[in-house]
Amino acid sequence: MAIEENEFIDNRLEKLAGIREMGIAPYPARTPDRLPVEALRSTGETEEVLCTSGRIMAKRKHGKTVFCDITDPTGRIQLFINKKNLDEAGWELLGKLDLGDIVWVSGALFVTRTGELSVRVGTLLLLAKAVRPMPVVKTDADGEVHDAVSDPDFIYRHRCIDLVLNETSKNRFIARSRIVSAIRNYLDSDDFLEVETPVLQQIYGGAAADPFVSHYNSLDEECYLRIATELYLKRLVSGGIHRVYEIGKDFRNEGIDRTHSPEFTQLEIYEAWTDYNGMMKRFEEIVEAGAKAAGVWPVVEFGGHEVDLTPPFKRVPFVPTLHEKSGEELFEWDTERLSALVKSLGLGDDITDRPTLMDKLFDHYVTPHLIQPSFVIDYPVELSPLAKQKTDDPGITERFEPFIVGMELGNAFSEQNDPLYQREVLENQAALSQHRKGVVDQEFLYALEVGMPPTGGLGIGVDRLVMILTGAKNIRDTILFPHLRRDK
RNA sequence: GGGCCGCUAGCUCAGUUGGCAGAGCAUCUGACUUUUAAUCAGAGGGUCGGGGGUUCAAUCCCCCCGCGGCUCACCA
């Protein structure tokens, strides 16, 4: 398929041809020595000839003088290009340059009479000709941005333009990278081992979600993209890797919305000789490390809320809080009455599954109040098949979910390590499952049977944590290339 | 999947109670040797998301479809 034709591209292709006719290679392989733009700026006025390179973002022509603004990731600087300072070829080349082209320049630095530090360009080289125009965004003297590219579809499909034109977007992805580095650094320096477990799995588990299904051609076998790393990581704890974590993509073949992406980044950590209380501390410290890396420690603003990230986070017990916020002793109600209530609240019709009813009611009555960082603790056992029960109350599990600004950021528990109990729960669950009737991960149970020490486990939705720490309102704004329907 | 909103020039957006389609920026031509949303003079640029219907006439009204946004549902 040839490049599309339009007035702008045709015009640039003509200039490109003209440049080649001049004997200039428009896409040279090598960049002569250069300083980053910001390094040049911080040098200030000097007679010394310095070099830099960047993308032409603005061009103001004044006859025999042309001003250009060029940028690189470090900043922006003005070029002062005067016919008398350039050789003839350089001046001719300038006439064939457009906004978006990537150039290299050398020259002394001086301040113009309007006070702008500028490169008095003596040599001008083309490093890459842009044949497709980029939208032009201008900022006026008051700092007001005009014609910003804001169409989300355009931004998601053409992230390269978003990153060049939208500073907040670029900074958010830089922050994301630093947050993830800080988390790794925190865990690595506390003797955790980072591992990689299979993405393609024959038996998927560790969560309740529909998987993406694929196929091994050479084995002629169905396989699944993982929905969680949990079961593999616990096998490693059994194997004596007592502090272990993985950061990677999980895939869930379910709805896409503001807080759900079918392909998302999950951090799971497992630590022997501790329990869910230990995991609460880990979560608090991970948030602290991330917030410091993002430069929002200890208070971050999100959606009009001042969120205080200072530990300890509030502990919110599931059942008492549900009773308090709803004003009813819901846990004492029979299933029929709960179902009717859920229906009357418009949360779903004909739900007869007790755990699901409880979950919905909790989401309705409690979750919206969890603005400041909170751990919802002590979930009913029915909601938590992989968690250990409390010794003094087998109806409650040692489990928590962290919430910030009403958003669930993860899930953690004192891991169930009783192999007989775990087998029973998983087999019962599998018998009821629509997707994989009777399928139980025997290797996981094998590992528990061999013996797994008391262990705390914690999963964190990394994209959502990045949302909180960078103010992103949609999970897609934390993912460089979010999934979109085919563009037709 | 449901509801609501949107799709007009390369970009940001007006607009037409149904009657030859508009602006700013960008582009092209010209002027200009310290400008910075440069300025001035001129020019070009559109399948008004796609298809069907109603009508003398549809970008506008109706139906279907596509893509997107918000939201509800689903989602450990």
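Just so it is clear: chains get the letters A, B, ... in the order the sequence lines come, proteins before strands, and each one is counted from 1.
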query = Is any side-chain N or O of Arg60(A) closer than 4.0 Å to OP1 or OP2 of rU35(B)?
reply = no

task = Please report, rounded to the nearest Å, how far the P atom of rA38(B) is from the CG atom of Asp140(A).
result = 10 Å

request  = Answer with yes or no whether Gln78(A) presents, from its side chain, a donor or acceptor under 3.5 Å of a partner atom in the base of rU35(B).
outcome  = yes

task = Decide yes or no for Leu458(A) and Glu271(A): does some side-chain heavy atom of the first lie under 4.5 Å from some side-chain heavy atom of the second?
result = no

ask   = Side-chain donor or acceptor of Asp151(A) under 3.5 Å from a matching atom on the base of rG68(B)?
value = no

query = Phe375(A) ring centre to Arg315(A) NZ or CZ under 6.0 Å, with the angle to the axis within 45°?
reply = no

query = Do Asp162(A) and Arg159(A) meet the salt-bridge criterion of a basic N to acidic O distance under 4.0 Å?
reply = yes

task = Give one of base, sugar-phosphate or nothing for Ser384(A), where a contact means two heavy atoms less than 4.0 Å apart.
result = nothing

inquiry  = Let's test this: given Watson-Crick or G-U wobble pairing with both distances under 3.5 Å, identify the partner of rG30(B).
reply    = rC40(B)

ask   = With a 4.5 Å limit on heavy-atom distance, are the side chains of Phe318(A) and Arg399(A) in contact?
value = no

Neighbour count >12 (heavy atoms, 6.0 Å) for atom NZ, Lys170(A) = yes

ask   = What integer number of Å spans the C1' atoms of rU29(B) and rG6(B)?
value = 38 Å

query = Taking atom C1' of rC32(B) as reference, at what distance in whole Å does atom CD1 of Ile81(A) sit?
reply = 16 Å

Length of the CZ-P vector between Phe67(A) and rU33(B), whole Å = 11 Å

Any Arg113(A) side-chain nitrogen or oxygen under 4.0 Å from OP1 or OP2 of rU35(B) = yes

Check: Phe67(A) ring centre within less than 6.0 Å of Phe80(A) ring centre = yes

Solution key, residues 44-51 of chain A side-chain donor-acceptor pairs under 3.5 Å, sequence neighbours excluded:
from, atom 1, to, atom 2, distance (Å)
Thr46(A), OG1, Glu48(A), N, 2.9

task = Kindly state which residues belonging to residues 7-20 of chain A come within less than 4.0 angstrom of RNA chain B, counting heavy atoms of the residue only, listed by number.
result = Glu7(A), Phe8(A), Asn11(A), Lys15(A)

remark   = Among rU34(B), rC13(B), rA37(B), the one nearest any side-chain atom of Phe110(A) is rU34(B)

task = Say whether, by atom type as modelled, one donor and one acceptor occur between the side chain of Lys473(A) and the main chain of Gly471(A) under 3.5 angstrom.
result = yes

message = Of the listed nucleotides (rC67(B), rU33(B), rA26(B)), which one gets closest to any side-chain atom of Asn82(A)?
response = rU33(B)

ask   = Under 4.0 angstrom, heavy atoms only, what part of the nucleic acid is Lys84(A) near: base, sugar-phosphate, or nothing?
value = nothing

Lys138(A) vs rA38(B): side-chain N/O to OP1/OP2 distance below 4.0 Å = yes

ask   = Rounded to the nearest Å, what distance is computed from the CG atom of residue Leu99(A) to the P atom of nucleotide rG10(B)?
value = 17 Å

Gap in Å between the two P atoms, one belonging to rC25(B) and one to rC20(B), rounded = 26 Å

inquiry  = With a cut-off of less than 4.0 Å, is there a side-chain N or O of Arg485(A) near OP1 or OP2 of rG66(B)?
reply    = no

ask   = Touch check for Thr139(A), heavy atoms < 4.0 angstrom, all strands: base, sugar-phosphate only, or nothing?
value = sugar-phosphate

note = Under a 4.0 Å heavy-atom criterion, the protein footprint on nucleotides 69-76 of chain B, written with B, S and -, is SSS-SBBB

query = Quick one: Leu165(A) CG to rA26(B) P, roughly how many Å, whole number?
reply = 14 Å

note = Among rU34(B), rA26(B), rC11(B), the one nearest any side-chain atom of Val149(A) is rC11(B)

inquiry  = Taking Glu246(A) first and then Arg226(A), would you say they form a salt bridge - that is, a charged N and a carboxylate O separated by under 4.0 Å?
reply    = yes

key: rU12(B) - base-pair partner by Watson-Crick or wobble geometry, distances under 3.5 Å   = rA23(B)

message = Between rA23(B) and rA57(B), how far apart are the two P atoms, rounded to whole Å?
response = 29 Å

message = Could you tell me the Watson-Crick or G-U partner of rA58(B), where both distances fall under 3.5 Å? Say none if there is no partner.
response = none

request  = Determine which nucleotide pairs with rC7(B), using a 3.5 Å limit on both distances of a Watson-Crick or G-U wobble pair.
outcome  = rG66(B)

key: Spacing between Met57(A) atom CE and rA26(B) atom C1', to the nearest angstrom   = 13 Å

query = Taking NE2 from His146(A) and C1' from rA23(B), how many angstroms apart are they, rounded to a whole number?
reply = 15 Å

note = In short, Pro135(A) meets Leu165(A) closest at the heavy-atom pair O-CD1, 3.6 Å

inquiry  = Using a distance-only criterion (donor-acceptor N/O pair, under 3.5 Å, no hydrogens), is the base of rU34(B) paired with the side chain of Thr65(A)?
reply    = no

ask   = Do Thr114(A) and rU35(B) share a donor-acceptor pair, side chain to base, under 3.5 Å?
value = yes

task = May I have the distance from Asp147(A) (atom CG) to rU12(B) (atom P), rounded to whole angstrom?
result = 8 Å

query = Would one find more than 12 heavy atoms of other residues, nucleotides or ligands at under 6.0 Å from atom NZ of Lys61(A)?
reply = no

